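Below you'll find the structure, written out as structure tokens, and then a few comments.
Remember, predicted model here, so these are calculated numbers, not experimental data. The analysis underlying the following values was restricted to heavy atoms, covering all of them including side chains, and did not include hydrogens, waters or symmetry mates.
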Amino acid sequence: MNALEIQIAEPYKAELREAHLPSPAPTEVLVRALYSGVSSGTELAVYTGIHQWLKDPDYPEWRFPFRAGYSAYGVVEAVGSEVSRVSPGDSVAYAGRHAALGVYPEEAVWRDPHGASPAVAALGCVARYGWGAAARVGAVMGKSVFVMGLGAVGQFAARSFIAAGAYPVVGLDPFENRRKAALQGGASAALDPTADGFEAQAAELLGEARADLVADATGSPQLTMKAAALTKDGGKCVVVGSPRGLADGVNFYPDLHRRWIEMIGAHGDFLWSPTAAALGWNVDKAMDWILAHMANGRLNTDGLPSRIADPRDAQDVYEQLLNRKGEAVCVSFDWSRV
């Protein structure tokens, strides 16, 4: 059996291709996609050829042509003989590629009994990475928050902090469309951190120009210390966007050590670690929380995705997210169009 999928054939070239699809093994699930969500950080790192795993011998599957995507929503078509957690006909979120049909391990598929919107829930696995910012820092009720970088991961970080009771939550991004999306999602304010008067605006909102918690969702190592600078003395700075590369000019003594700041890594894969268990989380619990609160509105998804695209337009989607950031915040592919 063959199925259509989006592949990044080489740097700066994405296309819809037909690929062979095996029958499900005993512990695998065949899913027909309704929508798949784009993780702009990871996928653009591959699209531009800079992702660190492309040259890592420990990740042989990360090579060109690259089978893109890791977040989707669809309907179970068939299951292997040992699968127990989902059944044919179930609506599911899953760690799936941008593909019309796919075969995945049972543990990478989560039944959705809550009725989340498919185009939004297709971003569920992407949302989990932003959600990790709020999960990793512990109690957040009443804490002031800056979220730096309001792409897909930053949007879900801000909205997860709001759902967890943080206040005020302020989004920071130079692009107006991203700031507007954060306001749609319930942010108290959204500011351009590069604009004149930013510190005065921040101080008016928070009482000072620093926040109790700062989530860096920019993916830029050069901005991580900017995030630390916006963190109150004794506060927590959580790195949720995956920074790729080295940062220059870091002076740990005055910037971190003397200010008692906690720097926290929050890559979403922590959900498979003892750290998550100690916080009362695992990936199944996290995905159920995300889907439930997408459905009931506590995790505000207004304005997301900002574009629903034909999978045949994958090249334009990546170029838009890379070079025309003022046009789209995050994207889902609609597989009914092919």
Side-chain angles (χ1 to χ4, degrees), residues 41 130-243 245 247-266 300 325-326 329:
W131 167 93
R136 279 284 282 122
V137 298
V140 302
M141 187 176 289
K143 301 288 188 181
S144 60
V145 178
F146 282 138
V147 177
M148 285 181 52
L150 296 172
V153 168
Q155 292 291 334
F156 282 110
R159 296 160 194 239
S160 296
F161 275 116
I162 294 165
Y167 180 83
V169 176
V170 180
L172 306 180
D173 201 290
F175 289 96
E176 183 180 10
N177 64 320
R178 294 180 173 191
R179 298 196 301 271
K180 286 182 176 179
L183 294 173
Q184 282 183 273
S188 303
L191 306 177
D192 180 352
T194 67
D196 293 339
F198 163 71
E199 290 191 359
Q201 289 179 297
E204 184 175 354
L205 287 165
L206 274 61
E208 61 175 284
R210 293 172 174 169
D212 298 313
L213 307 170
V214 178
D216 174 16
T218 65
S220 170
Q222 301 301 329
L223 294 176
T224 299
M225 291 313 297
K226 173 65 174 176
L230 292 172
T231 307
K232 283 184 181 180
D233 289 359
K236 296 179 180 180
C237 180
V238 55
V239 181
V240 66
S242 297
D248 297 325
V250 177
N251 190 334
F252 288 104
Y253 182 71
D255 296 338
L256 294 178
H257 185 55
R258 282 291 302 272
R259 297 187 53 228
W260 319 290
I261 291 173
E262 292 183 55
M263 293 291 290
I264 301 172
N300 188 327
K325 297 182 188 295
V329 177

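Closest approach of Leu205 to Ala189, counting heavy atoms only: CD1-CB, 3.6 Å. Contact between Phe175 and Gly326 at its shortest, heavy atoms only, is CD2-N, 3.9 Å. Across every non-hydrogen atom of Pro193 and Asp173, the tightest pair is CD-N, 3.5 Å. Summarising the geometry of Ala190 relative to Leu183, their closest heavy-atom pair is N-CD2, 3.8 Å, with the distance given to 0.1 Å. Ala209 and Ala202 make their closest contact through CA-CB, 4.0 Å (heavy atoms, listed as atom of the first residue, atom of the second, distance). When every heavy atom of Gly219 is checked against every heavy atom of Pro221, the shortest pair comes out as O-CD, 3.7 Å.
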Practice prompt. Report the C-alpha distance between Leu206 and Val170 in whole Å, list the side-chain angles of each, state the deciding distance to 0.1 Å, and finish with yes or no for side chain to side chain contact (heavy atoms under 4.5 Å, CB included).
Written response: CA-CA 9 Å; Leu206 274 61; Val170 180; 3.9 Å; yes
Worksheet item: Is there a side chain to side chain contact (heavy atoms under 4.5 Å, CB included) between Val329 and Lys180 once you walk through the steps?
Response: CA-CA 10 Å; Val329 177; Lys180 286 182 176 179; over 6 Å; no
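Taking NZ of Lys226 as the reference point, atom OG1 of Thr231 lies at 10.5 Å (rounded to 0.5 Å). Leu223 CG to Met148 CE: the interatomic distance, rounded to the nearest 0.5 Å, is 5.0 Å. Here the OH atom belonging to Tyr253 is positioned 13.5 Å from the CZ atom belonging to Arg259, to the nearest 0.5 angstrom.
Partners of Asp212 according to the side-chain hydrogen bond (donor to acceptor under 3.5 Å, both in side chains) rule, which considers only residues two or more places apart in sequence or in another chain, are Ser144, Lys232. By the side chain to side chain contact (heavy atoms under 4.5 Å, CB included) test, Leu256 pairs with Met225, Ala228, Phe252, Ile261, Met263, sequence neighbours left out. The side chain to side chain contact (heavy atoms under 4.5 Å, CB included) search around Leu213 returns Val137, Val140, Lys143, Val145, Phe161, Lys236, not counting sequence neighbours. Taking the side-chain hydrogen bond (donor to acceptor under 3.5 Å, both in side chains) definition, one finds that Thr218 meets it with Asp216, sequence neighbours left out.
Of the possible donor and acceptor atoms, one in the side chain of Asn177 sits under 3.5 Å from a partner among the backbone N and O of Lys325. Formation of a donor-acceptor pair under 3.5 Å by the Arg179 side chain with backbone atoms of Pro174 is found in this model.
Annotation: side-chain hydrogen bond (donor to acceptor under 3.5 Å, both in side chains) contacts involving residues 186-200, sequence neighbours excluded, comprise Asp192-Thr194. Residue pairs satisfying the side-chain hydrogen bond (donor to acceptor under 3.5 Å, both in side chains) criterion with at least one member in residues 149-167, sequence neighbours excluded, are listed as follows: Gln155-Arg159.
Arg210 has its side chain within reach of Asp233: a pair of non-hydrogen atoms, C-beta onward, lies under 4.5 Å apart.
Counting non-hydrogen atoms of neighbouring residues, nucleotides and ligands closer than 6.0 angstrom, the CD atom of Glu204 reaches no more than 12 such neighbours.
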